[in-house]
Amino acid sequence: MTVKITVERPGVLTTVQDWPGRTGYWQVGVPPSGPMDDLSFRLANRAVGNDAGAAGLETTMSGPALRFDTTTTVCVTGASAPVTVDGAAVDPWTPVTVPAGSLLDVGTATGAGLRMYIAVRGGIDGDVHLGSASTFTLGTFGGHRGRVLSAGDVLSGGGAAAVAPPRRIPSDHVPALGHRWELAVTEGPHGAPEFFTREDMATVLGHDYEVHFNSDRTGVRLIGPRPTWAREDGGEAGLHPSNIHDNAYSVGALDFTGDTPILLGPDGPSLGGFVCPVTVVAAERWKLGQLRPGDTVRFVVVRGDHAASIRELGVARRASSPAVFSAGGDGDDGVLLRRDGVVPVTYRRSGDDNVLVEYGAMTLDLALRARVHALHEALVAEGSRGVLDLTPGIRSLQIKVDPDVLPVPRLTGLLEELEDALPDATELVVPSRTVRLPLSWDDPSTREATERYMHGVRADAPWCPWNIEFIRRVNGLDSVDDVYRTVYDAEYMVLGLGDVYLGAPVATPLDPRHRLVTTKYNPARTWTPENAVGIGGAYLCIYGMEGPGGYQFVGRTTQVWNHRHPSTAPGFEEGTPWLLRFFDRISWYPVSTEELADLRADLAAGRGPGVDVTDGTFSLAEHERFLAENAAPIDDFRALQSAAFGAERAAWAAAGEFG
C-alpha cells in the first residue's frame, strides 16, 4: 500500500537513509552514509515490522512535521523529543498508528542526544544510487534528490513488504543517552611508540574530550590537549608529525588532522594522510550520531575480539548502559603482526572490522604500491566470504570485513598465506592511461578558500596568504614561476582514489624532480571548492567535491566525478561516475578561469570536447631503469629540497608551531 507523505515542516537536516548504506565503493571515495546512529534507526524499523535496513528518515536536533494521506504505522526513536499526532502526545520507541490525513510532528530534542529517526511501515522510497537510497548531501545523490528535505516535498512510502507485526521496543533494548559518553575503542592503527608518545596515548585514553560545535556527519570534532608526538615531522608526507602517506580510514577512527582530533563519521573520507591512534568499535559507532556540542567523551580501550556484534539490536549490543566495561585492550599498540623479509609487512588493527596492511618503510616507493596492487588482486581472486571492502593507499591496503563471518585473526592468517605467494613487484605491468586535463592556475576559487580559512580558522598559518609562495619556499625554488613549470611539466601517477571523496586521486610525479613537497593545513580547511587541485606531502589531489581539505592549492580543473551524466559525459564510462583509475597518468595544460568555467559547464551537462584519454601501460621495471639512469640529478634535487624543507621546519619550531 503506497503512502503519500507531505513535508509541512522539514526539521533540521532531515534526510532519507537506509542501512548499511552504500557499501563496496570505499576504494573510489564513496562513503557508506546511512544512519549515523544505526541502532536507533534499526530499532525504529523493527518496531514497525520492517526489515532493519529499510529506508527511513534521520533528523537532527529539531524534527519534521509530516502529513500522511493513508493510515499507516510509524515509530520515532533516538534523542528524546516531543512527538504528537494531530496534537496528541504519543510515545517514542513505540509503533503508533497515524490516521489518513493526520499530522505527525516531531519536536526539538531538549535533553541528551542529537538525532531522531522516523520509520514508516513498508519503508520510504528514495533515489537509489550505487545500490543504496541513503542520502549523501555533499555528493548530491541518494535519498530525495540528493539533499535534505524542504517544506512541500512529497515522499512515497509503504511500498516494501513488512517482515513482522509492529511491536514496542523493550526498555532494555533502548540505548542510553547522556551528556558524558564512554566510547569503546581498539588500539590502532597508528599509536605509540611510532607516531604518538606513551604519554600521548595515556592522555587519549585518560582525558575527557569536549564535542566541538563544528561537527557533522563527516566527523565529530573534539576539543582536547595537543599531543607532544613521537616524531619531528612526517617526512615526505608533510612537515607536521601527524602527516603520513595516504591510507584508508575506518568509520569511527580518531583522526588527528594536525593537532585536532576528529571522529570520522559515515559521510567521512575514505582516504587521507593523517594518523589515527584508536578506532571506535563497530557496535559503538551509533554513539557518534548522538554526540552533541558540549558533551564530553572518554575513550575506553577494549580487546578487539571482545567487542559486541553490530548485528545485535538487543541486550547483547550493550547499549542500554552508559558505561563501557573493560579489563583492558589488546596491549599491542594496534600492531597485529610484523613480518620481516625483502619487503617488511605490518598488519595493523583499525577497529574490530578492519585490518590495514602496510608495506616497507615510511617512504614513497612505487615498488611498495605495486606490492599493494598484487595483494589487492590476490584478495579479489580469493573471493573470501566476509570481505566487504578493499581500499588501497600509497603503501597500504585496508581490508574491511564482517567480523562475524571473517574474524580478524582468521583474516590475518589468510593475508600471511597470500603474502607468501605474491609475485615479485618488479614484474608489475598494468594498464595505465594518459589523462590530459585543463588546469586554471591559482584559480580565484582557491584564493577564496584560503581567504575564508584565514578569516574563519587561522590567519597566521605559514602557508597563508598564498599557498603557491609557500610551496616555492619549502621546496627551495627561486620563483613561483618555477612552481608553475614544475607542475605543468610533471606526469602524475594515480596511486589512490577517494582522497577527499568521489574519485579524487592521490597522485605523485613519476619523475622525483617534479615531486614538490609541502605540509597539509593544520587545522584543516572547512571549505574547499569542487575540483580544486592541491599538493600535500609529495602528493597531488583533485578534490572530487566541495568539503574540508588540507592540501596546498595550485589551481582548479574539470570534474573527476559526474553521477548525473556518466553515460554521456565525454571521458566517462557508462555507469561509472568516476573518471580516473588506479595507475592513470595525469598531465596538465593551462586554461584561463573563463575557459575552465565553460569546460566545467559543458561536462556537467554531458557535452563538450571531453577529456583527452590515451590507453597505455606502466612497467615498474622500466620506471626503475629511468630512476637509475637519472640518479645523480635526482639526488641533487632532493638535497636542495631537503635543505629548504629543514629550514622551514626550523622556522616553524622557533615560532612555536609544534606546541
Side-chain angles (χ1 to χ4, degrees), residues 21-33 127-134 136 138-142 146 248 269-271 369 372-373 376-377 379-381 383 389-393 428-439 491-507 530-531 533 540-545 556-589 596 598-618:
R22 198 166 280 108
T23 59
Y25 296 96
W26 205 231
Q27 66 175 301
V28 291
V30 180
S33 298
D127 301 333
V128 176
H129 183 68
L130 297 177
S132 170
S134 284
F136 181 43
L138 293 174
T140 65
F141 54 76
S270 64
L271 199 69
R369 181 61 181 87
V372 169
H373 180 72
H376 189 166
E377 294 287 294
L379 278 163
V380 170
D389 264 309
L390 298 170
T391 310
L428 179 75
V429 178
V430 294
S432 177
R433 306 179 307 169
T434 299
V435 182
R436 194 164 176 265
L437 294 172
L439 179 65
E491 188 174 46
Y492 293 86
M493 172 156 282
V494 175
L495 303 182
L497 292 170
D499 189 8
V500 203
Y501 302 107
L502 302 189
V506 55
E530 180 187 63
N531 305 133
V533 179
L540 175 137
C541 173
I542 304 170
Y543 287 78
M545 64 182 200
R556 193 183 193 195
T557 187
T558 49
Q559 295 89 329
V560 294
W561 176 274
N562 190 330
H563 67 274
R564 291 186 176 87
H565 303 283
S567 61
T568 60
F572 288 77
E573 293 186 354
E574 184 172 357
T576 305
W578 53 92
L579 171 68
L580 298 167
R581 307 173 188 169
F582 299 125
F583 300 106
D584 277 354
R585 287 168 288 172
I586 299 171
S587 61
W588 304 108
Y589 65 92
L596 180 65
D598 290 341
L599 289 169
R600 290 179 55 79
D602 285 342
L603 200 151
R607 61 174 187 265
V611 179
D612 184 7
V613 178
T614 305
D615 290 334
T617 59
F618 171 76

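Along the sequence shown, residues carry numbers from 1. Just the heavy atoms: all of them, side chains too, but no hydrogens, waters or symmetry mates, feed the values below.
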Side-chain contact, heavy-atom cut-off 4.5 Å: [X] with [Y]?
X: Leu580; Y: Ile586; answer: yes
X: Phe582; Y: Pro392; answer: yes
X: Arg600; Y: Asn531; answer: yes
X: Tyr543; Y: Leu502; answer: no
X: Ser270; Y: Gln27; answer: no
X: Val430; Y: Thr617; answer: no
X: Cys541; Y: Val506; answer: no
X: Leu579; Y: Leu437; answer: yes

Output all residues satisfying ring-ring contact (aromatic ring centres under 6.0 Å, His included) with [X], sequence neighbours left out; order by chain, then residue number.
X: Phe136; result: Phe141, Tyr501
X: Phe583; result: His373
X: Tyr25; result: none

Can you see which heavy atom on [X] is nearest to which on [Y], and at what distance?
X: Pro505; Y: Leu497; answer: CA-CD2, 4.0 Å
X: Phe572; Y: Asn562; answer: CE2-N, 3.7 Å
X: Leu271; Y: Gly393; answer: CD1-CA, 4.1 Å
X: Leu603; Y: Gln559; answer: CB-OE1, 3.7 Å
X: Ala504; Y: Gly544; answer: CB-N, 3.6 Å
X: Arg22; Y: Val30; answer: CD-CG1, 3.6 Å

- What do the steps show when you test Arg369 against Leu428 for side chain to side chain contact (heavy atoms under 4.5 Å, CB included), and what is the final call? CA-CA 10 Å; Arg369 181 61 181 87; Leu428 179 75; over 6 Å; no

Arg585 and Ser432 side chains, donor-acceptor separation under 3.5 Å: yes

Evaluate the side chain to side chain contact (heavy atoms under 4.5 Å, CB included) criterion for residues Val611 and Val435: first the C-alpha distance (whole Å), next the side-chain angles of each, then the deciding distance (0.1 Å), finally the verdict. CA-CA 7 Å; Val611 179; Val435 182; 3.5 Å; yes

Check: Does Thr557 reach the main-chain N or O of Pro438 with its side chain, forming a donor-acceptor pair under 3.5 Å?
Finding: yes

Could you check whether any side-chain N or O of Ser132 sits under 3.5 Å from a backbone N or O of Ser134, counting only pairs where one atom can act as donor and the other as acceptor?
yes

- Give the intermediate values and the outcome of salt bridge (charged side-chain N to carboxylate O under 4.0 Å, His left out) for residues Arg433 and Asp584. CA-CA 5 Å; Arg433 306 179 307 169; Asp584 277 354; 2.8 Å; yes

(message) Could you measure the distance from the CD atom of Glu530 to the CG atom of Leu138? Nearest 0.5 Å is fine.
(response)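 Here the rounded value is 11.5 Å.
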
CG of Asp612 to OG of Ser587, rounded to nearest 0.5 Å, is 8.0 Å

Working note: Leu495 + Met493, criterion side chain to side chain contact (heavy atoms under 4.5 Å, CB included); need CA distance, chi angles, decisive distance, verdict. CA-CA 6 Å; Leu495 303 182; Met493 172 156 282; 3.8 Å; yes

